Amino acid sequence: MTEIRLHNSKTRRKEVFVPLDPGNVRMYVCGPTVYDRAHLGNARPAVVFDVLFRLLRHVYGAGHVTYVRNITDVDDKINARAAESGRSIGDITEETTGWYLEDMAALGVMEPTHMPRATGYIAQMIAMIAGLIESGHAYEAEGHVLFAVESYAAYGALSGRSVDDMIAGARVEVAPYKRNPMDFVMWKPSPEGLPGWDSPWGRGRPGWHIECSAMAADLLGDSFDIHGGGNDLMFPHHENEIAQSACAHPGVEMAQVWMHNEMLMVEGKKMSKSLGNFFTVRDLLEQGVPGEVIRFVLLSTHYGKPMDWTEAKREEATATLKRWYAILHRHGFTARLVETLRQGGQWQADAEFAGVLANDLNAPGAIARLHVLSKGHTAPALAGFAHGLDMLGLVADWDRLGEMAGIAAAEQVVPDWVGPLVEDLLARRQAARAGRDWAEADRLRDLLNAAGVNVTDVGGGASWSPGERFDPAVLEALR
RNA sequence: GGCGGGUUGGCGGAGAGGUUACGCAGCGGAUUGCAAAUCCGUGUAGACCGGUUCGAUUCCGGUACCCGCCUCCA
């Protein structure tokens, strides 16, 4: 069995992964707050932990992994969005959740086993909060319920901070009702017009952190294997989750392994609206950047390092994927062939590929291995390559490889009349070549190139494909 | 100020205490009427200063610079 090693933020070391229960490997990843389109940075953890999900399924069996990624649908940003747009909160969260799932699906992200909505777990949150009050880890003050950080000695262990240092930093909001400035809200009052639920402390809504503690416990148990998210969540979000869960479930650790992906930059700078380099996944898709290309770029830097999105990387990823899809297409890969290979026992992971990927999710290393594997000369020899590509989630559709490679056109892009016209021009060029009239042959090819049609001589004939700058309007004049 | 991460060849980007990362670009070659595509081959590294070691880009210490978090944020 492939040995998985993961960098554990909690111990700051790479450790051999040993699941609590190999029959049910459990992972929780912090999902989106649904108030707007997912930006590119949001996509990184979704893709990274999707690869981990796929790897775990590969190693432990598809039916033996439970992956939970929550939807935060109660939050002040959502309330603000509703207030400014005049729309209902439910409309906004429902629409945004749909967008998120669409966009992630376009990036080849599989649906997690469970996608709990915070609003569906209010009762569990209230129960957990009540328990924490009872055990002396939380207190009620002016309609709020706060977690008392001083009641949990290990507070700050994950992010390497001490309560004293943080207070010294003195950038915390000091509310008069807090016993300690670092105490954080688990429940707060909701005025009329804002989402609220009845609770022992009056009508209110949960703080941000409690939802993850409650939902993880409900769906994965008091102790589970992996908890993931962006490293900006390490403090305070994950620290607070740990505090709540540890105190609610004494004696067990919430998660065995904590994983954090590094942040994303754009052209060397932090993505921000003011710099004008802020964009959403949808923006890229609408510009015609295929989801697999975005995914490939996201995976070509190790998740633990800051990653820079650049135009150059986008172009290189596009070229690489096209080449790879063309190789598979040329060797007849289709869903049917994959199934045949599977039945013949030839649909196997390349051991080195799997080993590299299992080494703390080294996707860039795995991609490097794919370059080597791509040099196979027969379909069976390429099975490991195809399998690896699939494990990275880079094959959207085995039956559309030609199209994905840019060899065969997507029908909707190329008008019906183009085919016969191009074929006719190629036939005339073929005749010219046969007559050794190179000037005429080159003139015809230049004509096609000008319309963005790539001409490739193959043996005695020639094939064509619409290129990136394909423009039917130029051909229109030739009809 | 506190905590954490980084610095690899023209560019991107990995692993490993000693043996080719890999890709792109470049260069040379094969193929081609010429292109394109494809294939083969190939050069260039490890911020700086010390230490440990037979041997360090890889471990340890220090310096410089960069970045993130400490406030909603993936």
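The structure displayed is predicted, hence computed values, not measured ones.
Distance from the side chain of Lys375(A) is smallest for C40(B) among the nucleotides G33(B), G12(B), C40(B). Across G15(B), A74(B), G13(B), the shortest atom-to-atom separation from the side chain of Leu233(A) is found for A74(B). Closest to the side chain of His39(A), out of A35(B), A74(B), G13(B), is A74(B). The side chain of Arg323(A) lies closest to C24(B), out of C34(B), C24(B), G12(B). Checked against A74(B), C24(B), A16(B), the side chain of Asn42(A) finds its nearest nucleotide in A74(B). When distances are taken from the side chain of Arg5(A) to each of A16(B), A74(B), C34(B), the shortest belongs to A16(B). Of the candidate nucleotides G12(B), A14(B), C73(B), C73(B) has the atom lying nearest to any side-chain atom of Trp208(A). Each of A74(B), G33(B), U38(B) was ranked by its minimum atom distance to the side chain of Arg429(A); first place goes to G33(B). The listed nucleotides are G33(B), C22(B), C73(B); the one nearest the side chain of Val372(A) is C22(B).
The pairing partner recorded for C69(B) is G2(B), the criterion being a Watson-Crick or G-U wobble arrangement whose two distances lie under 3.5 angstrom. When both distances must be under 3.5 Å, the Watson-Crick or G-U wobble mate of C59(B) is G51(B). If you check A25(B) for Watson-Crick or wobble pairing at under 3.5 angstrom, you find it has no partner at all.
Between the side chain of Arg369(A) and the base of C22(B) there is no donor-acceptor pair of N/O atoms closer than 3.5 Å.
In terms of phosphate contacts, Thr320(A) brings no side-chain nitrogen or oxygen within less than 4.0 Å of OP1 or OP2 of G23(B).
Taking atom P on both G46(B) and A30(B), the two are 34 Å apart, rounded to the nearest angstrom. Rounded to whole Å, the C1' atom of G55(B) lies 15 Å from the corresponding atom of A16(B). Nucleotides U52(B) and C59(B) are separated by 8 Å at their C1' atoms, to the nearest Å.
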Just the table, please: protein N/O against nucleotides 3-7 of chain B N/O, every pair under 3.5 Å.
unit_1 : atom_1 : unit_2    : atom_2 : d
C3(B)  : O2'    : Ser159(A) : O      : 2.7
U7(B)  : OP1    : Lys305(A) : NZ     : 3.3

